[in-house]
Protein chains: 2
Amino acid sequence: MVLPRAARTQRRTRIQEEKEERILEAALEVFSAHGFRGATVDQIADVAGMSKPNLLYYFRTKDAMHRALIDRVLDTWLDPLRAFDAEGNPVTEIRSYIRRKLEMARDFPRESRLFANEVLQGAPHIEDELKGPLKELVDEKAEVIRAWAKAGKIAKCDPYHLIFAIWSTTQHYADFDVQVRAVLGQGNSGEGRFEDAARFLERLFVDGLQVSEQPIS
Amino acid sequence: MVLPRAARTQRRTRIQEEKEERILEAALEVFSAHGFRGATVDQIADVAGMSKPNLLYYFRTKDAMHRALIDRVLDTWLDPLRAFDAEGNPVTEIRSYIRRKLEMARDFPRESRLFANEVLQGAPHIEDELKGPLKELVDEKAEVIRAWAKAGKIAKCDPYHLIFAIWSTTQHYADFDVQVRAVLGQGNSGEGRFEDAARFLERLFVDGLQVSEQPIS
DNA sequence: TGTAATGTTTACCAACCGGTCAAATTATCA
DNA sequence: TGATAATTTGACCGGTTGGTAAACATTACA
């Protein structure tokens with residue numbers, strides 16, 4: 001009998017494990033490059049190296065595949081923000097959050113683009129995740145930042161917009177990679193880009209652009 | 001005789017003017033929401049309130065429509081950067097650039113998303129514009145910033161990454177609008193958002209997060 | 001080893017895709 | 001007004017889309 005995926009309450013076959021892995025990897029490749037509507041099941045099957053009906057045996061619809069992919073990736077994606085530690089030194093924490101986010105933009109650009117595509121097109125598939133788990137996590141960390149500001153450990157600022165600023169500046173290097181490369185030209189497209197970006201952003205967020213005599217840091 | 005669009009060397013009819021306007025408006029709506037591949041000609045025709053063959057009478061292909069739209073919008077989009085004045089006060093110039101970009105994110109979010117979609121998906125249709133006019137303009141303004149830094153008027157920093165940071169933080173409010181709304185919740189989604197964002201960003205770029213006694217500014 | 005569950009493939013479908021065509025309609029202007 | 005050019009429409013085309021049906025192959029396991 002053909003058991004639909006949802007009904008598998010028991011353990012998964014070795015084959016299932018392997019194929020689902022290959023499919024989600026291919027789905028990440030295609031969805032991140034073209035968005036949900038722009039991606040085709042045929043293309044994903046092709047990248048995964050299997051026939052379309054075979055792929056649809058593991059994920060019955062394009063939508064189910066996309067959802068499974070989002071579920072798997074979202075958790076990892078929020079890890080750096082979770083690591084944000086209320087007890088740590090504020091400047092150090094923000095610094096290493098920036099660095100971690102930048103590393104993720106460098107090492108997992110497809111994941112970044114997956115979400116960017118989704119949110120950009122109105123987040124029709126992940127609205128719940130945004131308003132639920134994401135908002136709760138951000139609320140929690142925003143409270144931490146607010147406390148730091150109140151205690152005079154960092155400048156008074158809106159914690160939400162601070163988080164937005166860190167997200168946008170770091171993910172920019174994944175989402176707008178083509179533009180960054182085009183503007184920087186051939187020379188600066190190598191590995192050094194991320195080091196330059198890290199140095200600039202850490203400096204920006206800590207000291208701004210004001211001229212200053214080697215701040216306390 | 002049916003004159004293809006390209007052959008119109010003479011002045012354009014009133015009808016042509018109106019219809020092309022309506023089509024590009026509809027195309028902006030649809031392309032910005034779904035990206036090139038995700039958009040359909042039928043949908044654009046529907047939004048424009050005309051039949052598909054009628055639309056294709058004015059723009060012979062989906063591609064031509066997209067190109068015309070990009071051409072029309074790109075110039076306007078780069079205006080704020082052009083206004084960047086080498087002779088002005090550096091901090092003031094950067095401040096008002098941020099403000100102008102933020103105003104564009106607020107007033108023309110669809111234009112922002114049009115480019116975001118395009119770049120995100122590898123910029124297959126605007127690679128030339130990025131490597132040509134865009135790069136040249138950025139190079140020019142980066143030189144201005146570098147001169148300011150050299151003269152000690154602002155902190156020493158990589159001018160390219162500074163421009164990227166301004167682009168990403170401001171356009172974030174257009175491109176990731178859904179996420180911003182979801183995180184901020186109902187209360188803060190009104191007009192005040194942009195005022196908060198402006199205040200935060202101007203502060204961030206000028207002073208950073210370091211605690212400071214009312215800087216010179 | 002046998003057999004039932006799992007996995008894979010071929011052939012196919014209706015709906016939709018970008019785009020064409022010729023006929024019908026409307027605007028322009030001598 | 002009439003004829004000519006510009007515009008609009010409905011019917012249609014080949015290719016692609018997400019997804020299905022059923023036969024076939026393979027695996028797991030008693």
Side-chain angles (χ1 to χ4, degrees), chain A residues 1-24 26-27 29-31 33-70 121 124-125, chain B residues 1-24 26-27 29-31 33-70 121 124-125:
Chain A
M1 197 233 291
V2 178
L3 260 204
R5 316 290 308 129
R8 275 186 296 100
T9 53
Q10 310 301 54
R11 93 184 74 182
R12 304 190 319 184
T13 319
R14 170 184 50 86
I15 292 184
Q16 284 175 357
E17 208 110 17
E18 284 178 15
K19 289 293 167 76
E20 286 181 10
E21 177 62 37
R22 264 171 59 194
I23 291 171
L24 288 181
E29 186 73 25
V30 178
F31 279 131
H34 302 292
F36 183 79
R37 280 179 62 165
T40 71
V41 178
D42 291 87
Q43 198 181 350
I44 296 172
D46 195 56
V47 172
M50 58 179 80
S51 66
K52 180 168 63 171
N54 194 7
L55 184 154
L56 287 170
Y57 170 76
Y58 291 99
F59 296 92
R60 275 141 60 116
T61 63
K62 183 185 180 183
D63 214 90
M65 200 162 50
H66 190 255
R67 238 194 308 276
L69 182 59
I70 294 274
Q121 303 185 3
H125 302 89
Chain B
M1 197 232 293
V2 177
L3 259 205
R5 315 292 307 132
R8 276 186 295 100
T9 51
Q10 310 300 55
R11 94 183 73 180
R12 303 188 319 183
T13 319
R14 171 184 49 86
I15 293 185
Q16 284 174 358
E17 207 111 17
E18 284 178 15
K19 289 292 168 77
E20 287 180 11
E21 177 60 37
R22 264 170 59 193
I23 292 172
L24 288 181
E29 186 72 25
V30 177
F31 280 132
H34 302 292
F36 184 78
R37 280 180 60 165
T40 71
V41 178
D42 290 88
Q43 198 181 351
I44 297 172
D46 196 56
V47 171
M50 59 180 78
S51 67
K52 181 168 61 171
N54 195 8
L55 185 153
L56 288 169
Y57 170 75
Y58 291 99
F59 295 93
R60 274 139 62 113
T61 64
K62 182 184 178 183
D63 215 272
M65 201 164 46
H66 190 254
R67 239 195 309 275
L69 183 59
I70 294 274
Q121 302 185 4
H125 302 88

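The chains referred to below are lettered A, B, ... by the order of the sequence lines, with proteins before strands, and numbering in each begins at 1.
- Between A/K52 atom NZ and D/dT16 atom P there is a gap of 11 Å when expressed in whole angstrom units.
- In this structure, CD1 in A/I44 is found 9.5 Å from NE2 in A/H34, a value given to the nearest 0.5 Å.
- In this structure, A/A68 and A/F59 approach most closely via the heavy-atom pair CB-CE2, 3.6 Å.
- Across all non-hydrogen atoms, the minimal contact from A/L69 to A/L24 is CD1-O, 3.6 Å.
- Residue A/E17 contributes atom CD, which lies 17 Å from atom P of D/dT27 at whole-angstrom precision.
- Side-chain N/O atoms of B/Q16 include none lying less than 4.0 angstrom from OP1 or OP2 on D/dA6.
- Residue A/K19 contributes atom NZ, which lies 7 Å from atom C1' of C/dG7 at whole-angstrom precision.
- Residues A/R37 and B/Q43 come closest through the heavy atom pair NH2-OE1, 3.1 Å.
- A straight line from CG of B/N54 to P of D/dA11 spans 16 Å, rounded to a whole angstrom.
- In this structure, A/I23 places its CD1 atom 15 Å from P of D/dG18, rounding to the nearest Å.
- In this view, A/R22 satisfies the salt bridge (Lys or Arg N to Asp or Glu O under 4.0 Å) rule with no residue, not counting sequence neighbours.
- How far CD1 of A/I23 is from OH of A/Y57: 11.0 Å, rounded to the nearest 0.5 Å.
- One can place CG of A/L55 at 12 Å from C1' of C/dT8, the figure rounded to the nearest angstrom.
- Within residues 40-51 of chain B, the residues approaching DNA chain D are B/S51, by heavy-atom distance under 4.0 Å.
- A straight line from OH of B/Y57 to C1' of D/dT9 spans 13 Å, rounded to a whole angstrom.
- A heavy atom closer than 4.0 Å to some atom of DNA chain C occurs in B/T61, B/K62, these being the qualifying members of residues 61-69 of chain B.
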Side-chain donor-acceptor pairs of residues 49-56 of chain B under 3.5 Å, sequence neighbours excluded:
{"unit_1": "B/S51", "atom_1": "OG", "unit_2": "B/N54", "atom_2": "N", "d": "3.3"}
{"unit_1": "B/K52", "atom_1": "NZ", "unit_2": "B/D42", "atom_2": "OD1", "d": "3.4"}

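- With axes fitted over five pairs at each extremity, the angle between the ends of the helix from C/dT1-D/dA30 to C/dA30-D/dT1 is 10° (10° resolution).
- Residues satisfying the side chain to side chain contact (heavy atoms under 4.5 Å, CB included) test with A/H66, not counting sequence neighbours, are A/F31, A/F36, A/I70, A/L114, A/E118, A/H125.
- Look at CZ on A/R60: it is 8 Å from P on D/dT20, rounded to the nearest Å.
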